Amino acid sequence: MQNVEPMTESVTEASAPAKKWYIVHTYSGYEHKAKAALEERVRLLHVESKFGEVLVPVERVQELGKGGQRKVSSRKFFPGYIFVNMVLDDETWHVIKDTPKITGFVGHSTNPPEVPESEVREITQQMAEGAVRPKPKFQFEVGEAIKVIDGPFQDFNGTVEEVKPDKGKVRVLISIFGRATPVELDFVQVEKA
């Protein structure tokens with residue numbers, strides 16, 4: 001007779017429900033604190049196996065700081081929301097609902113809709129691209145009215161003539177002594193009028 005080992009471990013892993021992504025509503029401005037509080041509760045209640053990643057979708061943007069210095073800051077895609085990868089059951093539902101700085105799930109309060117994996121991948125990809133190359137704070141279009149906020153043409157108004165997103169520059173027509181003069185400026189030197 002052959003010695004057969006029980007396969008209980010692989011059977012329980014295979015029968016365990018898959019984790020899915022859900023959107024959780026937090027107090028606005030407290031997304032990172034809500035994430036930390038949730039991760040701490042999951043650890044204290046020993047339900048790590050039912051929770052995966054907690055994601056605060058942010059992107060890095062380039063803007064002009066004090067003294068005309070360029071600075072890179074974080075901007076949230078969805079202020080007041082975090083994404084949680086988890087197995088939804090009564091226990092995990094209560095973990096989410098009883099966490100400080102979290103108000104609940106987005107959608108139906110007892111049976112929230114899941115977020116497709118493809119959408120979460122798209123958001124994480126956008127976050128990764130922003131970390132490598134920070135985006136400008138504003139996107140500009142040809143014909144749009146702008147105001148120069150830095151440099152020798154500060155406080156001049158103009159119209160966008162050409163946008164060069166790969167270089168982070170914009171060519172603007174500024175009226176100097178009654179004549180439209182093209183000037184090339186960085187994205188951080190202008191803002192929408």
Side-chain angles (χ1 to χ4, degrees), residues 20-36 38 52-85 101-103 105-107 112-193:
K20 296 183 174 124
W21 286 97
Y22 298 93
I23 302 175
V24 175
H25 191 265
T26 67
Y27 294 163
S28 189
Y30 289 91
E31 296 85 359
H32 291 288
K33 288 183 181 182
K35 174 186 176 184
L38 177 60
E53 188 179 0
V54 180
L55 182 68
V56 179
V58 294
E59 66 181 338
R60 299 184 51 78
V61 293
Q62 228 179 36
E63 57 188 347
L64 209 59
K66 292 180 181 174
Q69 298 294 319
R70 288 180 188 217
K71 71 175 191 170
V72 177
S73 61
S74 294
R75 180 173 63 189
K76 295 173 185 78
F77 291 149
F78 308 109
Y81 299 97
I82 60 175
F83 290 75
V84 181
N85 189 9
K101 314 259 186 296
I102 292 180
T103 58
F105 289 95
V106 171
E114 63 184 71
V115 179
E117 184 75 33
S118 60
E119 288 185 27
V120 175
R121 263 197 313 273
E122 207 173 285
I123 290 169
T124 55
Q125 181 181 354
Q126 195 173 353
M127 288 171 61
E129 288 171 4
V132 172
R133 179 185 234 175
K135 292 182 177 180
K137 191 169 184 179
F138 300 107
Q139 299 294 326
F140 300 100
E141 294 179 17
V142 174
E144 192 170 31
I146 58 92
K147 178 179 180 181
V148 181
I149 57 171
D150 182 53
F153 301 104
Q154 186 172 356
D155 295 328
F156 278 77
N157 291 324
T159 307
V160 176
E161 183 182 43
E162 183 183 359
V163 180
K164 300 176 183 177
D166 53 327
K167 293 183 177 178
K169 301 220 179 246
V170 63
R171 183 178 300 153
V172 180
L173 289 176
I174 296 176
S175 179
I176 301 174
F177 302 119
R179 298 184 65 183
T181 307
V183 178
E184 190 168 281
L185 301 165
D186 286 341
F187 280 169
V188 295
Q189 291 180 292
V190 295
E191 67 181 18
K192 296 182 181 199

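This one's a predicted model, so the numbers in the text were calculated from it and none came from an experiment.
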Main-chain N/O of P116 paired to E119 side chain as donor or acceptor, under 3.5 Å: no
Heavy-atom closest pair, residues I149 and V190: CG1-N, 4.0 Å
Separation between CD1 of I174 and CG of N157, rounded to the nearest 0.5 Å: 9.0 Å
Whether F140 and F187 hold their rings parallel, tilted or perpendicular, with breakpoints at 30° and 60°: tilted
F83: which of V54, V56, I123 passes side-chain contact (heavy atoms from CB on, under 4.5 Å): I123
Over 12 non-hydrogen atoms of neighbours within 6.0 angstrom of CD in E122: no
Nearest heavy atoms of P113 and V106, plus distance in Å: CD-O, 3.5 Å
Side-chain heavy atoms of T26 within contact of K101, under 4.5 Å: no
Where V58 and H32 come nearest, the two heavy atoms and their spacing: CG1-NE2, 4.2 Å
Minimal non-hydrogen separation, S28 against E31, with atom names: CA-OE2, 3.9 Å
Considering all heavy atoms, the nearest V160-E141 contact: CB-O, 3.4 Å
Gap between atom CD of E162 and atom NZ of K169 - 0.5 Å precision: 12.5 Å
Side-chain heavy atoms of M127 within contact of L55, under 4.5 Å: yes
Point-to-point distance, once rounded to the nearest 0.5 Å, from OG1 of T124 to CD of E117: 8.5 Å
I176 vs F153 side-chain heavy atoms within contact, under 4.5 Å: yes
Heavy-atom side-chain contact between D155 and K147 under 4.5 Å: yes
Heavy-atom neighbours of K192 NZ exceed 12 at 6.0 Å: yes
Donor-acceptor contact below 3.5 Å, side chain E114 vs main chain Y22: no
Over 12 foreign heavy atoms within 6.0 Å of CZ, F156: yes
Pair H25 and Y81, ring centroids less than 6.0 Å apart: yes
